[in-house]
Structure formats: structure tokens, C-alpha cells
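Taking it in order: structure first as C-alpha cells, then the write-up.
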Amino acid sequence: MIASTVGLLNHRRGPDMIASTILVVLSLSAVLVTLWFNKVVPIEKEVKLIAHNINQDLMSQIHNAAAFFSPNNASAVSIARILSFCLDDNDPQLTNIESKVVPALFQAFSTIPYLSQISYIGLNGLFFAYGKEGDEPFALYSNSTFPARKDAEKKKYTWYLQPANRNAGKLYGVATKFPAPELVKSSWLQGALNSTNGYASVGSGWRDSQDVLLLSTVRLDGKGLISLGFRVKPLVDFLVAQMTFYDGSLYLFTKDWNVTIKGFPSSRVSVILDGDQVLFQLSNGDDGQLQTVGNVSCNGERILSIGGNKYVFNCSPAKIAGVEFVFVLAVALDKYSSLVHKNIRLCFALIVVMVGAVVITICIFVSLIVGAARREMSLCGALIKQMESTQQSERKSMNKSLAFASASHDIRASLAGISGLVEVCRTQLIKRDPCSSQVLENLLQMESCTRDLLGILNCILDTSKIEAGKMQLEEQVFDVEQLLEDVVDLYHPVGMKKGVDVILDPCDGSIARCCWARGDRSKLKQILSNLLSNAVKFTTEGHVSVGAWARKPCLENEMLGSSQTNCCLFKIHRANSESNSDPNCMDFTFDVNDTGKGIPREKRKSVFENYIQVRETAVGQQGTGLGLGIVQSLVRLMGGEIGIVDKEVGERGTCFRFNVLMTARPSAVNFWEPKPPKSRVVLLLKSDQRSNVLQAFMKRLGIKVHAVKQHQQLGPTLKKIKQKMMNLSSHSCNSSSSSRSVPLSSLDGVDQSGMVLMVVDTRVGALSDIKREIGDFRKDIRCYTRVVWLDSLDFDQDELAPPDLIISKPFHGSRLYETVSLLPEFGGMAIRRGEISPAVGSAEEEVGKPLAGKKILVVDDDPVGRKIATFVACSLGAVAICCENGAAALKLVCERLKGGESGRFDCILMDCEMPVMDGSEATARIREAEGSYNVRTTIVALSAGDEMERNRMMEAGVDAYITKPLNTNNLLQALSPLITTFRMPESPI
């Protein structure tokens, strides 16, 4: 109501506001115009006075510029005096001319400005001159005197023309004959002979009669003449360039009517009355007749009209380089006043336009304000409707999100239940009937299908989170090197089933030097697992290698991925400036390289799009096409970029490379520093790629490595090594070395500097032949020998020598480092049989019943979930008690707390989403109740949900979090503080 009333008032007052504004603007304009005209009249008078002064100033400038060329005659006189002193003979000869006159002429020719021609004219006919044609100098000379008789035919008087060097004046080239002019009849020559101080005149050049010159000629006391010629055009251009004529013009001519500067077009000036006056005429364009305009006196000024414009004419004589000239200056009479009037009219027009523009602008502004007010009212109503519609849409979207989250939780819970029941059935079936291979195979297929369904669901949920911008990083301290080893170990059995070797490449060892990092471990593992899973899936033969290295980041970090010679370069622009301020920030780069079919170059960009699969590589393979899109989003979320690196021509497969930013602290361990070579390592592996990786790794550590491709080559290689070892000096081997069967524990005090370590893969060939060759090598060898057998599941351990070891897992990562540490230069630790393989296998095989005697409370509303959790806990030796919701669990825990220490639970497995009371509230209430008794029970959250659920449970006070399905491995890892035989490593960060 109020808004509509305001709009009505604005509508009525709009025209009144416009009219009053126009009146005010017009009144101010009238006052301004009156004041402006009062200021214009004095300005016009001042302009006329300035115009007169400018006219007189131009006349003075012309006289000053003409006086600038007066020293030219003095130059000619000075040269004449020098040559008169040099030529002391009355009749100069040709040799004197060449030796004395010519150098002086060229020096003057090259130093005097504006000089175009310099000549020596002998009275006996000898002649020499320098001149210019363009920028090239030339010489004109006569090497003979005048003939004795005019009618002599044999001896003719001839001139010659020849090019001259511009630096030294030396003549070169071919001399050509040049017609000699009649110098004796020249008026300027006679005038110079009759003058004692030199003679100035206007003439032409020797070679070009059209070239007008100002000649300054001086006689040499009966020996000849010196003549300097200055081109008129450069002098006149210099004269005119110094002045501004303000739409006027200038005429310049000599006393004998040689016009040098012609002013107005189609005009003519004539000298009359003995030069005191100048007649000014104009040519008629039709018939060419001259029309007399008027005459101008050289003693005053005259105003004449030409072409409808009035000009002030001034005439005055001037001497330029000794030559008498007359100039006529014409300056526009009304140039300045007309210019001022023109500017005044222009300013007045601009003022009128400005006032009109102001009036129009004000009117438009007022109308716009009124229209804006009206539109604002209508927009407010539309905005209210839009807000209501938006709120309704948001409520619908929120309801859909909640329904989708609930459905996804139920699906996850159902899949976790199926997976758990499959594991329970498989365990019970193995105990009851181990021979039921068909049933076990069906259960394994059911478990595989369940994992596939869970993976598809996770991909869809991750894609939804990324598109909604709700994906967040959860930073924690973890071991990057151990993470790489875990991921590769996970997919190594899958690759071995297909005949594909999955290799962990230590690269330059930078990951080992700064392995502890702070970042999102789960997302990094998801990225590596996705890339490695695709590599194994699409590779049918060959190998899949995973490598990593760490570098210091920069503002614009360049990742260079290369395969020997070819490389792919892409730049990553850092949006977060914290990477530059944090000294511990490191750029971790990861490579996943396979030898599969490869991805065509034109399809490389599309593989990172969602729901896209490359047909060439995905034939016979199933999938949603979401994996690489999620990987790219996660990599960018962690501050990096991912791409495909080019391989060499003819090399198969695909190499994915990505980098992430994480905070890391360099390790103080100097394990990766090269050591002086002491021991030797012999590699006999089935995989050539793994052999190459291990060989490069050990060579970087300074270890002497011998790689054997086939078992037939083992014997010759060992013989060569044995021969070299036998040739070593006695101090390189222990003089009291024991036989090959001495155990490592009895080697205290024995020098192991000459140790030979052999790593043998039993799948390369005949095992009996390999054992025989090793046995022959150990005979009569004074240095310590040790063998590490790989993948020896059928190896007879009774035949194993005491110092030898067996490793039944992939030979990389920690197992590789511990094997290298057997060498004396790396510590020489006495590792007994079975200590190399870390605890990566199943927990049941290593610890048996680690939870024996523990009381565990299982809280879950799902009967299947309770059944699986109870089975897992009991299989580990614990006693399980179940509750259906958080309220019942809280009541039971409180009762046990009151009952004393003997009845308290050692652990609570708490589901997150339950009716009556959910897991987060129940956990918070239990922690509150425990505060009165000063106790803390280990609470492990169980959920099939997402990270938001995990964060909520961690805030409530749980100690660990397990994503369903629950099994013995993840339960043991979560309950590690309760197990005395299991210790988690402490983080160095």
C-alpha cells in the first residue's frame, strides 16, 4: 500500500520537476552567455595587437636567418689565403696542383656545411673541382693549360670527369671526357678577378645546369681563383623551416629576377621602379592572362586581397651568402581575429549543446527514476513470488536429498549385510566341509558381485557430492610410502591371475625421504586404486608400474612427464597461496603406467568426462564411466592436476600422471644416500621390468648389481663373480670366513664387506639347477653369501640354508628395503627366517584369538548387522552382547558402570543410524556418563554412510570408524589398543 502511494506521488510530480529544472538551467545559461560576451571584446583587441607583433617578428626572423649564411664568404677567403701561401710560383704546375691544392680542396669540401661544389681555376687553364651528384662525390679536372694559339688543332683544351672516394678524395674508376665551358666569358669569373674581397653571385653547377648555386669566388693573387658553391634549395629550406607563416606565404628572388621561393599558386611578382617597389600579379586560370593585384613598396606595408582573403604584404632586401635578395612576406590579416571568432562561435555552440544535453539528461533522469520506482514495485512482487518458489524448490531438493541419503544408507547396509553373511557362510563352510569347492566358488562370486554393486553406488554418490560442491578433504598424518605399498599389494594378486606383473617403482627415493605427510589419505588411496584397477583391468600382458616422487612446489609448477625422448608438458596454476608460505609443503607426483591397448590421442580429453568410456579399450569390460571423472575432481580438490603422458613411438599402453599438494617433513634417515660399493647383488627374476626397476634402484644406492635374464645364465655369472672375489686382496674378505652353512647369529665379529646377496625368483626355471649352481658358487668362497627366494610356496624349507630367506609376497616396498638392509654397508642386520614379510596378510593367520576374554557390546537396529558383528567378534575370541538401539545401549552401559569394573564393556560397536536414539547421541550420552566414573570405553562407529556421518560420530566421541561390511581385519585395526600383540607406528609429524 505504501509503495503504491509513493509511486502515485512520483507519477504526478514528474512533469513539474522537469519544467522547474529546465527554467533553472536556462536562467543560469543566460547569465553565463552575457558574462562570456563581455570577456570576448578585449580578447579581440589583444589578438590584433599580437598579430602585428607577429608580423614584425617574422620580418626580423628572415633577416636573422639570412645573416646566418654570411660566414660563407669568409670561408672562401680563408681557403684562398691558404692556397696562396702554398702556391708561391707565378705559374703553378700540375704537380703542385695535385699535391697542394687538391688535398686542401677536399678537406674544405668535406667539412664546410651545405657546400655542394668547390673549384680551383688556374689562369693558365689548369682546373680541378670537387662536386656531388646525390651523395656520391666526383672530381672534374683539366690536366692541360690553354692552347698557345686558338687555331691549334693538335692540342685541344679538355676536361675530365672521374669518381672520387668520399673518405680520402682519391680518384678511382675510369675518367671520361667532359665538355669544357667558356669560363673566360663568365660574368662571375670576371667579377671575381676584379674584386679584392671576393665576389658572390648566383650560378649553376658544373655538371647540372639546373642546379642553382650561390657562388662565392675569391682570386689567388694572380695564380687563379677559388670558388665555393652552395645549393640554394637546402639553404632556402633551412630558412623557411625556422618560421611559421600563419596561412601566409613568402617570395624570395634576386636583383636580376631569379625567383627562388614562389608563394601563392598562379601568382607572379615583378621588380619595377629600380627595385623600390614590387608588382604583384595573379594568373587567370582560364586563359592564363595576368591580372595586376597591386604593388608593394619595400619601405612599408600594403594590404591586398587574394582569393577573398586579406593579406598584409611587406617587402625588404636581404643579403644571403653575399648575394642581394629581395623577399616579400604575405601574412593573413584576419588570421588571428578570425580564428578567435571561430573559436568563440564554436564555444558558444558547445555551451548551447551542453545546456541542451543537461536539460535532456535531467528529463531522462527524472523519467528513469519514476519508471524505476514503478518497476521496483512490480519487481518486489515478482521477487516475493520467486523467493517463495525458490524456498519451495529448496525444500523439495532437501527432501529428495534426505530421501536419497536414506535410500543410499539402506542400500549400503543391505549390501554390507549380504557381504557379511557371505563371509560368515564361507568361514563356516570351510570349517565344516573344506572340499565344497562349488559352494565356495558361488560364495566368492556373490561377494564379488556385492563389491561391484557397492563400488557403483560409491561412484554415483561421489559424483553427486562433487557436482554439488560438498566434497571436502579430511586431513590426517599418514605414511605415503606405506599407502603406495598397500595399494600395489592389493592389486598384485589380481594382476598375477592375468599374467600381469604389478610393480612399485621407488624412482628417485624422494618419497622415502619424506614419506610422512598430512593430507586426505582415503581420497589419495581412492585415486590410486581407481587408476591401478583400470590399468590391471585393461592390460592383458606385460606389466603395470606405479611410481612416485616429491618436489618443492612453486607458484607456477611445471610437471614434465617424459618417456625417454618424448614428453608431455602441462602447467598447473596454484590457486592457494598457502603452498608458497608453508616451508613443509611438497608436491607429490604419481605415475601409473601400463602396457595395455592404450588410449588414442584424440580420446584422451574425453576419458575424464563422466559416463564416457573409450570403445577401443573398453571392449568386453563393464563400468559406469565415472571413475576417471571422479579421479580428476579429487585430484583438483587436492590442489593438483591429472593428465596422460606421451610414450615413445611403438611403446604400448597408457601412462597416467597426477600430482597433489601435501605437507611433509623430510626424514632424517640417510638410507637413500649412496654408499661405497662393497657387496654384490645377483638378480634372477621372471619379470624383466621388475628386474630393471630393482637394478636401477640398487645402482642409485651404489650397489654392484648383476641382472640375469635366464636361469641358464646364472652359472656363468656366478663363476665370473667368484673369480673376481678370489682375486681381491685379503683385507677385502674375512680371513676366517666360515662355510656357507654358518648361521647369521654366529657371524659376530666376522667381516662381511665382501657379501654376495642373491635374489632368486623360483618361477624362472628349473629349481634344482638353480640350487646346484648356487651350491657350487658357495664352495671355497671366502665371502659371506645369502639367498632370498621369491614366491617359493612349494619350496622345501628343510633344504634351505640357515642364512637364506623366503619371501612369498611381491618383492618391493618395505620388503625390498629390508632385503637391501642385509648388506653390511646398509647396516647388515641379521634377519632371521620369516621376519622380512610385514604384517600385511590376514589378521586371523597371525594373531589367532587376539580378543579372547574381551566383552563387546554390539548396538545395531539391523538384525543382519548384529549377526555379522557378533560372528566377527566371537571369531576373534570376544564375548558379544547385542542391543537394538542407542537408548537400550545407554541403559545397559550405565548399569554396567554402576556394577563395577568386572562388568564393564571393553568395546562398543555402535551403528550410526538407529531409531529411538541414533549412534551420535548415544555416544555423547555414554561419554557423559563415563565422566562420573573416570573411565573411557573404546567405541567404534559402524556405518554404511558417508563422511558427514563419520564427522558427526567423531565429534560425538568415538575412537574409531569402520565402514561396513565389518570383517576381522578392519575390526582388529580399529581395536589395536586392546591387543597387546599389535602396535601401531607413531607419526613423526
Side-chain angles (χ1 to χ4, degrees), residues 409-410 412-428 431 843-844 849-930 935-945 949-950 953 956-975 978-979:
H409 179 271
D410 294 341
R412 286 175 183 268
S414 300
L415 292 175
I418 295 172
S419 179
L421 290 175
V422 168
E423 183 176 359
V424 171
C425 294
R426 186 180 60 187
T427 304
Q428 293 177 350
K431 291 180 180 180
E844 297 88 345
K849 302 288 185 180
L851 300 182
K854 305 296 182 182
K855 294 182 288 295
I856 296 179
L857 176 62
V858 178
V859 185
D860 196 339
D861 62 320
D862 184 15
V864 177
R866 291 197 303 270
K867 181 178 181 179
I868 295 173
T870 302
F871 175 80
V872 172
C874 294
S875 64
L876 295 175
V879 177
I881 300 175
C882 299
C883 290
E884 296 182 356
N885 55 64
L890 176 62
K891 181 179 179 182
L892 184 57
V893 169
C894 292
E895 293 176 356
R896 293 297 182 95
L897 289 175
K898 294 178 181 179
E901 184 176 356
S902 60
R904 296 172 185 170
F905 293 106
D906 297 292
C907 176
I908 301 176
L909 301 180
M910 182 73 69
D911 189 26
C912 296
E913 293 189 8
M914 295 180 292
V916 183
M917 182 183 294
D918 60 7
S920 59
E921 184 180 356
T923 302
R925 298 282 292 274
I926 290 173
R927 293 302 185 203
E928 184 179 353
E930 289 176 342
V935 296
R936 182 179 177 87
T937 306
T938 301
I939 301 178
V940 179
L942 300 176
S943 175
E949 260 187 7
R950 176 176 182 175
M953 294 298 292
V958 299
D959 299 290
Y961 183 91
I962 296 178
T963 302
K964 294 180 180 180
L966 180 67
N967 54 48
T968 55
N969 290 333
N970 54 26
L971 182 59
L972 280 177
Q973 188 175 1
L975 299 181
L978 296 178
I979 306 171

For residues 878-891, which side-chain donor-acceptor pairs fall under 3.5 Å, sequence neighbours excluded?
unit_1 : atom_1 : unit_2 : atom_2 : d
N885   : OD1    : A887   : N      : 3.1
N885   : OD1    : A888   : N      : 2.8

Which heavy atom of [X] sits nearest a heavy atom of [Y], and at what distance?
X	Y	answer
C912	M953	SG-CG, 3.4 Å
A869	L909	CB-CD1, 4.3 Å
G865	D860	CA-OD2, 3.7 Å
G957	T923	C-CG2, 3.9 Å

Calculate, to the nearest 0.5 Å, the distance between atoms [atom1] and [atom2] belonging to [X] and [Y] respectively.
X	Y	atom1	atom2	result
I868	D862	CD1	CG	8.0 Å
K855	D906	NZ	CG	5.0 Å
I926	L857	CD1	CG	7.5 Å
L892	R896	CG	CZ	5.5 Å
I962	M910	CD1	CE	13.5 Å
L876	L975	CG	CG	8.5 Å

Salt bridge (Lys or Arg N to Asp or Glu O under 4.0 Å) partners for R936, two or more places apart: D959
Charged N-O contact under 4.0 Å between E930 and R927: yes
Checking side-chain contact (heavy atoms from CB on, under 4.5 Å) for the pair V859/D911: CA distance, chi angles, key distance, verdict? CA-CA 6 Å; V859 185; D911 189 26; 5.8 Å; no
Do side-chain atoms of N967 reach the backbone of N970 as a donor and acceptor pair under 3.5 angstrom? yes
Step-by-step side-chain contact (heavy atoms from CB on, under 4.5 Å) determination, V893 to I908: CA-CA 9 Å; V893 169; I908 301 176; 3.8 Å; yes
Counting only heavy atoms from other residues, nucleotides and ligands, does the tally under 6.0 Å from CZ of R866 exceed 12? yes
